[in-house]
Amino acid sequence: MKACFMGLGYIGLPTAIIAASHGVQVVGVDVNPEVVKMTNRGKLHIIEPGMEELLQDVIESGALHASLEPEESDVYLIVVPTPFKGNHEPDISFVESASLAVLPLLKEGDLFIIESTSPVGTTEYIRDMMFTARPELAGRMHIAYCPERVLPGNVVKELVENDRVIGGIDEESAAAAAEFYRRFVKGRIHLTDCKTAEMCKLTENSSRDVQIAFANELSLICDKAGVNVWELIELANKHPRVNILQPGCGVGGHCIAVDPYFLTSDFPFESHLISKAREINNYKAFWCAEKIINAILRFEKENQKKPVVALMGLAFKPDIDDIRESPACHIVHKVLHSNEGAEILVCDPNVHVSDIQLTDFETAYERADIVAFLTAHRQFKTLPWRDDKIILDFCGIFKRN
Ligand code: SAJ
């Protein structure tokens, strides 16, 4: 069996590697020549523990190669980004162009799968587009939607162990896609129709966004009420049916901070809660920036000098290097922009490429008068609490305020 993966990003590349290591002959296609070159050299262009070793194995064995052009295969997988446009409307143009690129190669009996997070109705739209251009294929090939669910940083395990939801344009399509995934998925495979599968992905991430918004809203209430939000949540979670998540400085990454808009954009009158959760999580980053700026102003007034400020963290969540849609980055830029003379030290032990000059986190912590924790990296948790500093612990490093 040969599979053609359109897109070698955070999901496409790991899935292509895992499929290749389970007996599938894989061609991985990407529009970025550097990604293609690196992949063929066995070098991973993303950070994902354990994945580079697997890539080297499948490159050496010849089970996977990367290319700028799709090749004739039995299975085609669309794993390209679906960003949003200016007004948060989903942009499926990469799904469309990747589908059009494989269209001339399709033949009777082929399996075509979309994995990219997509608005409800996308698979049927792409099916209609393809069968209009190639009417002889209508009813003669399989088309399905199968969203990924892996957590960055834990992809090697989750790609194999997580359950998968597969939605077909018909029952035969869902069954054909399930047969493909069974080659490397040990989790259970649940079959449905393609609209339900599309919506399932959006529901999973919107649900998490709403739950985080609840925690973030609590943190704002607690700040005003003078209650320690960390202790409060820990105590409330002792109830057998309560499970509140952790507040932070906002929600980032290219999934949870994006996918709910695919529902709010298409169903604006029905999605009040989902939409409000997005607002709350976005507002939390703005609120944190304001807190830091106010602390700087207060310090200046009380001490008649400018403070040294340490901003700890740039990544969008703990222990990774990814800064996409990162609220910490947003806060750092806002504070740097509004700063009038305070010395601002920015630290992130995991991030190496950045437009901001970075300082070693231990040095910054030692020197700073004001410390704001933006990302709960494990390295920060080794720092001792210091009574002589103003500590703004937005992500629960010390859980003291
Ligand atoms: N966050 C909090 N408080 C929490 C948990 C998370 O503020 O208690 C923040 C994080 O700091 C981060 C953001 O939420 O800024 C998102 O992080 P995450 O760990 O919740 O999720 P992602 O974006 O890394 O991955 C999610 C996962 N979806 C769900 O858990 C429902 C993953 O399974 C999906 O595959 C992935 O989105 C995706 O690609 O869609």
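Both counts, for ligands and for their atoms, begin at 1 and track the order of listing.
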- prompt: For Lys2, does the NZ atom have more than 12 heavy-atom neighbours from other residues, nucleotides or ligands under 6.0 Å away?
  reply: yes
task: Mark yes or no for whether Asn228, through its side chain, and Lys399, through its backbone, hold a donor-acceptor pair below 3.5 Å.
output: yes
message: Please give me the minimum heavy-atom distance between Val258 and Gly253, naming the atom from each residue.
response: CG2-O, 4.3 Å
field: Close residues, ligand 1: non-hydrogen atom nearer than 4.0 Å
entry: Glu148, Arg149, Val150, Leu151, Pro152, Lys201, Glu204, Asn205, Arg208, Ile212, Leu245, Gln246, Gly250, Val251, Gly252, Cys255, Ile256, Asp259, Phe316, Lys317
- prompt: CZ of Arg140: more than 12 outside heavy atoms within 6.0 angstrom?
  reply: no
query: Between the side chains of Thr122 and Glu198, is a donor N or O closer than 3.5 angstrom to an acceptor N or O?
result: no
message: My understanding is that only residues two or more places apart in sequence, or in another chain, count here; which of them pass side-chain hydrogen bond (donor to acceptor under 3.5 Å, both in side chains) with Glu89?
response: none
